[in-house]
Asks: 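Provided herewith is a single structure, encoded as C-alpha cells, for subsequent inquiry.
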Amino acid sequence: MPSFQSLPGFREFYPEAFARRHHIFRLWRKAAYAYGFQEYDAPVLEPLDLYRAKSGEEVEAQLFSFTDKGDREVALRPEMTPTVCRMVGARAGSLKRPIKWFSIAEFYRYERAQRGRERAFFQFNADVFGESGPEAEIELIALLVQCLAGFGLTAEDFSIRLSDRDLWFFYLEALGFTEIQARSLLSAIDKFEKIGDDAFEGYTTQHGELAPALKAKILEFLQVKSLVQMEAALAPFGSDKLAKRLNDWRQVLDGLAAMGLAPFVEVDLGVVRGLAYYTGFVFEAFDRKGDLRALAGGGRYNDLVKKLGGPDLPAVGFAIGDVTTGLLLEQRGLMPALVKFADVYAVIGGKAERTAAFADIRALRAAGWRVDYAFKDLAFGKQFKAANESGARIALIYGGDELARGVVKVRDLTARQEHDVPREQIVAAVRDFLAHG
RNA sequence: GCGGUCAUAGCUCAGUUGGUUAGAGCACCAGAUUGUGGAUCUGGGGGUCGCGGGUUCGAGUCCCGUUGGCCGCCCCA
C-alpha cells in the first residue's frame, strides 16, 4: 500500500512555520555577516566514505545511506564539518587566512525523532580555519552568543559551557594514565553528570579497577568552575604543557570578557563532547531555565582537514540547530507571531476601476512595494476587512468618482484618514507615506 | 534499535453497555451588504473515524496486526 504521508521526522513548512524558520535564518545570517564570515553551500548527497573516514561505524548506523544507480555508496549529509574540511582543504593554498566561513543547510540523520530532534533539520555552521591560537575560539564563541542573544535571549536564558579536551589529556597524563586510558576516561567524564559512578564501568572492564585516589583526583578536577580553581588544581604538577594551556585559557576568557560576554560563559570541565575528533577547547550552549538538550555545540578539530586528505590546517567550528532554537524562542515568547504580507491594499470598485487599478498596482510593485488586492469584485466592507488582515498600512481606493476626477483615494488604515492623490503621483505618494510612517 | 502512550473535519475535542445517515466550537467559503474595517445573523463545503484484518445481525466503539504522533531509553556530529 502506498502511503502519502510525509516521512517520519521530516517537516513540512506551511507559511506560518516557514515564517518562523525564516526569522531564525535571517538573524543567524545577519550575525555571521557582522562577524565577517562568508557564506558557502555544498552537496546534500556525499560519498559514504566521507563519514566513515571521520568517525567510524557508530555514526554510520545513524546515516541516511544507500547505494545509488551507479553502485556508489552514498549518504545524505548528517553534518557539514567533513564537507567543509574537504572544500577548504582543496583550496587551502589560495584562501586568505584566517578563513571564516558559515552556512545554513539541511541535514539528515536516521534516528528516532522526538522533541527537539527530527530526522531532517537545519543547522547554522560557522568555522575558522588556519588559526591555531585561542583567537579563533574567542571569535566563534562570541558569534555563538550573538546567534542566540540576537533574538533577545539574555545571559539568564542561556550559557556557553567551555571545556578543554587537551587540558584533560595533559592532566590525566600528569596523573600517569596512558593515552588510551585517557580516552576511555573522557567518555566516562562525559556521562558522569548524568549517570554518576556507573559512568566508569566502561573503563574498569577495559583497564581494570581505577585507584580510589586517582578517581578522587578526576572527580575533583571535574568540579572546577573557574580559572582560579583551575590554576589551584594544576599548581602541584608544575608541567610546562599545563602552564602553557592555562595561558590559552586566560586569553580566551579575557578576550570574551573584553567583549562584555563574561556573563554568558562558564567553565565546565564536564563538557567533553561525544566524538573523538575534537582536539582542544570544546563548548556547548545550554538553556539555563528549561530542560532542553544542548542548543549548540562545537570545538577545535585540528587534525580533521589532514585526515580527509588536505593539508595540516587547524580549525574550530560550531553548529546550532533550528529545532531547539525555535522551541526555546517560543517558550520565551520571542517568536514573532504573524506573517504580514502587504504594504498596500488596493480596494477596487468594479470592472472599469480594475483596469485603472491594475496599471498602478504593477507600477507600485515594480517600485518594490508589496501590493495585494481582491481577485473578485467584493463589497467595499469586505475589501477593507481584507486590507486590514493583509497587514497593509494604506489602502488605495479605486472608485468611479475618483477615476472621473483623475485621482486615487489614499486611506491611512491606522489613522483611518483619507485624502485624494492624482493618479500620476501615486507611486511617489505611497513612497512618501511608507518611508515616513 | 527498545519501552510507554495516543490516533474522530485544517485545529481543539464530544460521541452512552456495540444500534438509524458520525457531531460541536474555532477556521474557511457564500449571502444578508454595489462606497469604508476585527461585529451579527443565515447558509455552505470539508471525514475511507490513521490503515488492514477479525468477532458480530450490526463496529468510531471490542480483539489482533500495522503505520504514524508524543514521552522516555540508546545516541547526539
Side-chain angles (χ1 to χ4, degrees), chain A residues 1-12 14-16 46 50-63 75-85 105 107-119 121 123 125 127 187 190-191 194-195 271-278 282 284 291-299 301 304 317-321 323-324 338 345 347-353 375-403 409-418:
Chain A
M1 269 295 276
S3 164
F4 298 106
Q5 290 178 317
S6 64
L7 291 166
F10 283 76
R11 289 178 291 164
E12 292 174 313
Y14 283 79
E16 217 170 279
E46 290 278 17
L50 182 63
Y51 305 110
R52 278 191 183 135
K54 191 185 123 186
S55 349
E57 297 97 28
E58 185 65 43
V59 161
E60 203 177 321
Q62 291 178 359
L63 285 176
L76 288 167
R77 61 184 174 201
E79 60 167 326
M80 196 57 110
T81 309
T83 301
V84 71
C85 283
F107 301 95
Y108 309 87
R109 294 179 191 173
Y110 200 91
E111 55 189 342
R112 195 87 170 154
Q114 45 183 269
R115 183 179 176 78
R117 188 173 71 187
E118 308 283 348
R119 284 184 168 184
F121 54 93
Q123 278 188 345
N125 273 260
D127 295 271
S187 109
D190 188 28
K191 292 175 190 153
K194 228 159 127 186
I195 62 175
V271 173
V272 292
R273 311 280 299 153
L275 284 199
Y277 66 82
Y278 284 111
V282 288
E284 293 182 344
D291 48 0
L292 290 172
R293 62 188 71 245
L295 297 165
Y301 48 97
L304 197 55
F318 75 84
I320 177 167
V323 180
T324 41
L338 192 61
Y345 197 96
V347 173
I348 300 166
K351 196 167 183 188
E353 294 89 336
F375 282 168
K376 301 271 164 52
D377 292 340
L378 294 174
F380 270 42
K382 283 248 159 104
Q383 294 193 57
F384 278 106
K385 188 179 166 187
N388 202 45
E389 286 168 353
S390 77
R393 286 165 56 209
I394 52 179
L396 303 182
I397 301 161
Y398 289 87
D401 300 346
E402 288 81 1
L403 290 186
K409 198 165 274 179
V410 176
R411 181 174 176 86
D412 180 336
L413 287 167
T414 314
R416 301 192 175 214
Q417 290 169 347
E418 51 195 35

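Predicted model only: the values in this text are computed from it and were never measured. As a basis for the values below, the full set of heavy atoms in this structure was taken, side chains included, without hydrogen atoms, waters or symmetry mates.
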Asks: If I pick the P atom on B/G65 and the same atom on B/C6, what distance separates them, to the nearest angstrom?
Replies: 15 Å
Asks: Rounding to an integer number of angstrom, what distance separates B/A24 and B/G15 when you compare their P atoms?
Replies: 15 Å
Asks: Roughly, in whole Å, what's the span from CG in A/L295 to P in B/A77?
Replies: 13 Å
Asks: Could you work out which one of B/C75, B/U36, B/A39 sits closest to the side chain of A/K385?
Replies: B/A39
Asks: Taking A/L378's backbone N and O only, do any of them form a donor-acceptor pair with A/Q383's side chain (distance below 3.5 Å, no angle check)?
Replies: yes
Asks: Requiring both pairing distances under 3.5 angstrom, list the stems that contain RNA chain B and are made of three or more consecutive Watson-Crick or G-U pairs.
Replies: B:1-7 with B:67-73, B:10-13 with B:23-26, B:28-32 with B:40-44, B:50-54 with B:62-66
Asks: Pick the P atom in B/A77 and in B/A39, then give their distance to the nearest Å.
Replies: 50 Å
Asks: Base, sugar-phosphate, or nothing for A/K351, non-hydrogen atoms under 4.0 angstrom?
Replies: nothing
Asks: Using the C1' atom on both, measure B/G45 against B/A30 and round to a whole Å.
Replies: 10 Å
Asks: For a quick check of understanding: with a heavy-atom distance under 4.0 Å over all strands, which category does A/D377 fall into, base, sugar-phosphate or nothing?
Replies: nothing
Asks: Distance check: side-chain N/O of A/K382 vs OP1/OP2 of B/U36, anything under 4.0 Å?
Replies: no
Asks: Which nucleotide sits closest to the side chain of A/A379: B/U33, B/C76, B/A77?
Replies: B/U33
Asks: Check nucleotides 3-5 of chain B for protein N or O atoms closer than 3.5 Å to its own N or O atoms and list the pairs.
Replies:
none

Asks: Distance-only, no hydrogens or angles: does the A/R119 side chain make a donor-acceptor pair with backbone N or O of A/E111 under 3.5 Å?
Replies: yes
Asks: Side chain of A/F380 only, heavy atoms from C-beta on: which candidate in B/G38, B/C75, B/U36 is closest?
Replies: B/U36
Asks: Side chain of A/Y278, heavy atoms from C-beta onward: which of B/G35, B/A77, B/C75 has the nearest atom to it?
Replies: B/A77
Asks: Taking atom P in both B/U56 and B/G18, what distance in whole Å separates the two?
Replies: 16 Å
